[in-house]
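Please read the structure below before turning to the comments.
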Amino acid sequence: MAARAVRFLLLRGWLLAVLVAAWEVAARRAEDLYFPPPGRIVRTLLDDPALDALAPSLGRLLLGWALAGAVGIAVGVGIGLSRVAYHVLDPVLQFGRAVPPPTLIPLFMVVFGLGTSMQLATIVFGVVWPVLLNTADGVRSVEPVQHDTARVFGIGGAARLRYVVLPAAAPKIFAGLRVALGFALILMVIAELMGSGDGIGARLNAAEREFRPDRLWAGILLLGAVGCVLNGLFLLVERTVLAWHRGARRTGT
């Protein structure tokens with residue numbers, strides 16, 4: 001198992017290692033203040049209290065993503081189960097999805113003020129759409145034969161939703177949640193840059209005011225690492241939860 005993991009990391013990480021090494025060499029030769037070498041960035045990240053700012057940022061990110069996921073799945077299921085509701089609400093949903101969330105930050109500042117409420121509102125509004133629309137599409141794409149089979153066996157109401165609709169729509173729901181997680185990270189940073197007393201965004205603002213490019217790059221590196229870790233953890237959960245789906249596809253059932 002260990003050898004397999006090492007081989008996987010080598011196959012997947014060799015290009016990144018080459019790029020980082022090239023960056024290190026080029027940055028040391030150029031000696032440009034705005035483009036420090038990766039080694040200096042990592043040292044700054046370890047010595048700087050930027051890591052302390054990670055907890056509040058992660059809290060807002062995950063809370064906003066969870067709220068948007070819960071709302072998106074609940075509303076998406078309701079819309080997907082009703083053909084009339086889908087056709088009536090689809091233009092409104094498409095319009096809401098097309099509105100860039102950062103443009104609403106000034107409005108959210110007026111309504112909620114600076115702080116956590118404004119940041120959560122920005123995240124929730126921005127990430128609810130992929131979950132909602134993917135859920136509605138997944139519910140609508142359930143094969144009619146599955147509904148007919150459930151009807152024959154007397155499965156209806158909440159039982160049909162639990163054992164037929166949601167399992168069939170789960171792949172699309174998870175796809176929407178994964179896209180939403182990436183959006184949540186982006187919107188978390190944007191909201192914190194616009195107004196926050198703590199978090200990674202606040203550290204980036206402080207680094208800009210203090211003219212510390214190394215701290216800016218350290219924050220950027222930290223955000224990239226957070227995004228990779230969150231995506232990897234989500235994929236692990238998705239593979240575990242949807243293992244039955246891959247098995248069914250392999251067996252053709």
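Residue numbers start at 1 and run along the sequence shown.
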message: Under the criterion side-chain contact (heavy atoms from CB on, under 4.5 Å), I'd like the reasoning laid out for Lys172 against Val139: C-alpha separation, chi angles, the key distance, then a yes or no.
response: CA-CA 9 Å; Lys172 290 194 175 183; Val139 171; over 6 Å; no
task: Check the pair Asp198, Arg60 against side-chain contact (heavy atoms from CB on, under 4.5 Å), reporting the backbone distance first and the verdict last.
output: CA-CA 11 Å; Asp198 58 4; Arg60 284 186 282 263; 3.0 Å; yes
message: Determine whether Trp129 and Val99 satisfy the following criterion, side-chain contact (heavy atoms from CB on, under 4.5 Å), listing intermediate values before the conclusion.
response: CA-CA 10 Å; Trp129 305 110; Val99 175; over 6 Å; no
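- Within the model, atoms OG1 of Thr44 and CZ of Arg212 stand 6.0 Å from one another, a figure rounded to the nearest 0.5 Å.
- Closest of all the heavy-atom pairs between Val128 and Ala68 is CG2-O, 3.6 Å.
- The environment of CD in Gln94 is crowded: more than 12 heavy-atom neighbours from other residues, nucleotides or ligands sit within 6.0 Å.
- Within the 4.5 Å cutoff, side-chain heavy atoms of Pro102 are placed close to those of Leu187.
- A salt bridge links Glu210 and Arg215; the closest N-O separation between the charged side-chain nitrogens and carboxylate oxygens is under 4.0 Å.
- Using a 4.5 Å heavy-atom threshold, the side chains of Met188 and Val127 count as separate.
- The two residues Phe211 and Tyr34 make their nearest non-hydrogen contact at CZ-OH, 3.5 Å.
- Put simply, the side chain of Asn205 does not reach to within 4.5 Å of the side chain of Glu192, judged on heavy atoms.
- With contacts defined as side-chain heavy-atom distances shorter than 4.5 Å, the pair Leu132/Ile79 qualifies.
- The closest side-chain heavy-atom distance from Arg97 to Leu93 is not below 4.5 Å.
- Hydrophobic clustering of Ile, Leu, Val, Met, Phe, Trp and Tyr side chains at less than 4.5 Å, counting indirect connections, keeps Leu235 apart from Phe174.
- Side-chain N or O atoms of Ser57 include one that pairs as donor or acceptor with a backbone N or O of Ile200 at under 3.5 Å.
- Note: the hydrophobic cluster containing Phe95 does not contain Val124 (ILVMFWY, side chain heavy atoms under 4.5 Å, direct or indirect links).
- Between Phe125 and Phe108, the angle of the ring planes goes over 60°, which puts this pair in the perpendicular group of the 30/60° scheme.
- The two residues Phe183 and Pro130 have their closest heavy-atom pair at CD1-CG, 4.2 Å.
- In the hydrophobic clustering of this structure, Leu181 does not group with Leu63; members are Ile, Leu, Val, Met, Phe, Trp, Tyr whose side-chain heavy atoms approach within less than 4.5 Å, directly or through other members.
- Transitive grouping of hydrophobic side chains (ILVMFWY, heavy atoms separated by less than 4.5 Å) keeps Ile41 and Val25 in distinct clusters.
- At least one side-chain heavy atom of Ile73 sits less than 4.5 Å from a side-chain heavy atom of Val131.
- Using a 4.5 Å heavy-atom threshold, the side chains of Leu61 and Leu230 count as touching.
- Using a 30° and 60° split on the angle between ring planes, Phe234 and Trp65 fall in the perpendicular class, above 60°.
- No continuous path of hydrophobic side-chain contacts links Ile190 to Leu120 [ILVMFWY only; heavy atoms under 4.5 Å].
- The shortest non-hydrogen separation linking Glu24 to Pro37 is OE2-CB, 3.5 Å.
- In this structure the side chain of Thr135 reaches within 4.5 angstrom of the side chain of Val77, judged on heavy atoms.
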task: In sequence, state the C-alpha distance, the side-chain angles, and the governing distance for Leu223 and Val189, and then conclude on side-chain contact (heavy atoms from CB on, under 4.5 Å).
output: CA-CA 9 Å; Leu223 288 171; Val189 177; 3.6 Å; yes
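- Checking side-chain atoms of Ser141 against main-chain N and O of Gly138 turns up a donor-acceptor pair under 3.5 Å.
- Considering every non-hydrogen atom in both Met118 and Met109, the closest pair reads CG-N, 3.9 Å.
- Within the 3.5 Å criterion, the main-chain N or O of Ile173 finds no donor-acceptor partner in the side chain of Asn134.
- Looking at every heavy atom in both residues, Thr103 comes nearest to Pro106 through O-CD, 3.5 Å.
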